[in-house]
Colleague: 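Okay, here's the structure, questions in a sec.
Just follow the structure's listing: the first ligand is 1, and inside any ligand the first atom is 1.
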Amino acid sequence: MSEFDYDLFVIGGGSGGVRAARVAAGDTGAKVALAEMDRYGGTCVIRGCVPKKLMVFASEYANVTEDAAAYGWSHSAGSFDWASFRGKLNSELDRLEQVYRDLLKGSGVASYDARARVTGPHEVTLSTGETLSAKHILLASGGHPVRPELPNANLGIVSDDIFHLDALPKSLLIIGGGYIACEFACIMHGLGVEVTQYYRGAQILRGFDDEARGLIADAMRERGIDLRTGTNIVEMAPASEDHTASWTGTASDAAMGADVKQRPALQRETGDTAGPIWVKSTNGNERVFDTVLFATGRDPNTADMGLEDVGVKLGRRGEIEVDEYSQTAVPSIYAIGDVTDRVNLTPVAIREGMAFVETVFKGNPTPVDHALIPSAIFTQPEMGTIGLSEEEARDREPVEIYCTSFRPMQSAFAGRPDRVLMKLVVSVETRKVLGCHIVAPSAGEMIQLAGIAVKMGATKEDFDRTVAVHPTMSEEIVTMKTPMRTA
Ligand code: NDP
């Protein structure tokens, strides 16, 4: 008989926590419990990747009728019914949540629908008042979106709220230039919302390859998103009647500026989007929007979990500090996923969970490999990327840049100006492909496969030896013969 109630207690029922719990229980026979205070599936399934991707699909149908007409079809365009889509979306999320619950049950994991706090190196206390002991504790409590410190910031919504909107706004201001800001700018524009985006820096998608993010910014503007770089929000308040009379929220009106005097007191609750919002930007422009979305980053969920009291060390933003085996400063406590703020992506959290089980329950110490992780940004067009950007690579060693940008056959035939980009960053010395960056429809699908080659250490000559698949967009990745430049 173990001295503990459980071999493993997992806090957080997202992708990482659920995978670790069910593999530990299913593969090793460990006695495992998991506590989740919200819905099973976590950010990815309930309020992130999955509903976001379904919204991407919904928004991409916007141009289908026009494009089909260019190909000889005759259909008349309809309108988008948010309520109908949201109903189907919610049913799908209910189904997926049940799948997660069933997976845990099927593996013999005990689930607690409660908030858990760590009250000792081997002890958790639930919001139900119950105290349980475990040989190991795994923290997988994820993260949450944050608003900037700005008076009245609670008038704005965050990404969690998007999926619950009663109706789509007519005009939307998005603050931020990261993944979430750019993806929702494209989604909402596709669904017919008038989108303005303020990003404080010089170019959106900081950290990604300059040429790739430049092309995405151009494409977003080309499609009609009012993207303002070097611009941030400085003030916001519920719009008075004066404001709404002067402003209908259109981009063209906004460019002309306005004389706005009155700023009524805040009356609305967080995320309540009833009523337009007056916004002043860093360049002095004043505008009114139906909704303001803050996509200004995410913080780890570590507040009020008792972590520092038991000796778990936290970083500056509240992230849990772990070693390469995901072990915290307390030997019996481990942490995986967004709560550690390493690489905040679902498949990475899952790998960290699997490596934890391998290390702790299978006696096979397994560090997590965070090198060369392919990823996609679901803007329109998408970006798929792996490895170093040109800017990062040229700071490290001499590189050759192979790059081509062109109008792809399918949309060019339909008369669209869309361009795609295929880019390889190659080491002059080793000939290895250090980075691959694709901006194109379905770039996420392409980079998954190109990622295998890059992860294997393929050289430019390995790419060249591969026969092109014709006619495709991605054939360019194996047919670029001459470097565009060296750096
Ligand atoms: P990011 O960190 O990617 O972007 C935050 C953005 O907000 C940045 O542009 C940042 O500007 C800006 N910002 C931060 N603070 C302020 C402020 N006070 N005022 C104005 N702007 C501000 O966070 P996201 O929320 O977009 O995404 C969080 C994480 O979720 C990502 O890092 C990613 O790991 C994950 N994710 C992945 C997706 C995918 O794989 N497709 C999709 C969505 C999310 P600056 O650049 O100047 O710092």
Colleague: For residues Y100 and R39, determine if any side-chain heavy atom of one lies less than 4.5 Å from a side-chain heavy atom of the other.
Modeller: no
Colleague: Can you figure out which of F294, F208, Y179 has its heavy atom closest to atom 33 (C) of ligand 1?
Modeller: Y179
Colleague: Among side-chain atoms of T282 and R200, is any donor-acceptor pair under 3.5 angstrom?
Modeller: no
Colleague: Between C49 and ligand 1, find which residue part has any heavy-atom pair under 4.0 Å and reply side chain, backbone, both or neither.
Modeller: neither
Colleague: To check your reading of the model: name the closest protein heavy atom to atom 26 (O) of ligand 1, its residue, and the distance in Å.
Modeller: I180 N, 2.9 Å
Colleague: Against ligand 1, does K52 come closer than 4.0 Å with any heavy atom?
Modeller: yes
Colleague: Pick whichever of T296, I373, V348, L150 has a heavy atom sitting closest to atom 14 (C) of ligand 1.
Modeller: T296
Colleague: Which is it for I233 and ligand 1 at heavy atoms under 4.0 Å: side chain, backbone, both or neither?
Modeller: neither
Colleague: Taking ring pair (Phe, Tyr, Trp, His ring centres under 6.0 Å) as the cut-off, I'd like each qualifying pair that reaches into residues 201-223, sequence neighbours left out, listed once.
Modeller: Y179-F208
Colleague: In this structure, does ligand 1 have an atom that sits under 4.0 Å from one of the heavy atoms of G297?
Modeller: yes
Colleague: Scan side-chain atoms only and decide if R287 and T196 contain a donor-acceptor pair under the 3.5 Å cut-off.
Modeller: yes
Colleague: Quick check: closest heavy atoms across L150 and F294, and the distance to 0.1 Å?
Modeller: CD2-CZ, 4.2 Å
Colleague: Under 3.5 Å between some N or O of ligand 1 and some N or O of P148?
Modeller: no
Colleague: Which is closest to atom 41 (N) of ligand 1 in terms of heavy atoms, A376, A153, G48, G444?
Modeller: A376
Colleague: May I ask you to test the D226-R228 pair for a side-chain heavy-atom distance under 4.5 Å?
Modeller: yes
Colleague: Quickly, which of M383, K423, E392 forms a side-chain contact (heavy atoms from CB on, under 4.5 Å) with D209? Name it, please.
Modeller: K423
Colleague: Of all the non-hydrogen atoms in the protein, which one sits nearest to atom 48 (O) of ligand 1, and at what distance?
Modeller: R206 NH2, 2.8 Å
Colleague: Could a heavy atom of G201 be found less than 4.0 Å from some atom of ligand 1?
Modeller: no
Colleague: So which bit of N232 gets within less than 4.0 Å of ligand 1, heavy atoms only: side chain, backbone, both or neither?
Modeller: side chain
Colleague: Which pairs count as side-chain hydrogen bond (donor to acceptor under 3.5 Å, both in side chains) when at least one residue sits in residues 212-221, sequence neighbours excluded?
Modeller: D210-R213
Colleague: I'd like to know if the side chain of D94 pairs up with that of Q98 as donor and acceptor (distance under 3.5 Å, no hydrogens or angles considered).
Modeller: no
Colleague: Tell me the closest heavy-atom pair linking P151 and M236, and the distance in Å.
Modeller: O-CG, 3.8 Å
Colleague: Looking at atom 28 (C) of ligand 1, what's its closest protein heavy atom, distance included?
Modeller: R298 CD, 3.6 Å
Colleague: Strictly by modelled atom types, are H370 and E352 linked by a side-chain donor-acceptor pair under 3.5 Å?
Modeller: yes
Colleague: Given D341, I204, L345, which has its nearest heavy atom closest to atom 40 (O) of ligand 1?
Modeller: L345
Colleague: Is ligand 1 under 4.0 Å from a heavy atom in the side chain of A295, in the backbone, in both, or in neither?
Modeller: backbone
Colleague: Of all the non-hydrogen atoms in the protein, which one sits nearest to atom 10 (C) of ligand 1, and at what distance?
Modeller: R200 NH2, 4.0 Å
Colleague: Provide, to 0.1 Å, the distance between atom 34 (O) of ligand 1 and the closest protein heavy atom, together with that atom's residue and name.
Modeller: N344 O, 2.9 Å
Colleague: Starting from atom 4 (O) of ligand 1, which protein heavy atom do you reach first, and at what distance in Å?
Modeller: G178 CA, 3.5 Å
Colleague: Got the closest protein heavy atom to atom 9 (O) of ligand 1, with its distance?
Modeller: G177 N, 2.9 Å
Colleague: Report the nearest protein non-hydrogen atom to atom 42 (C) of ligand 1: residue, atom name, distance rounded to 0.1 Å.
Modeller: E183 OE1, 3.3 Å
Colleague: How far apart are the closest heavy atoms of E321 and L314, and which atoms are they?
Modeller: OE2-O, 3.7 Å
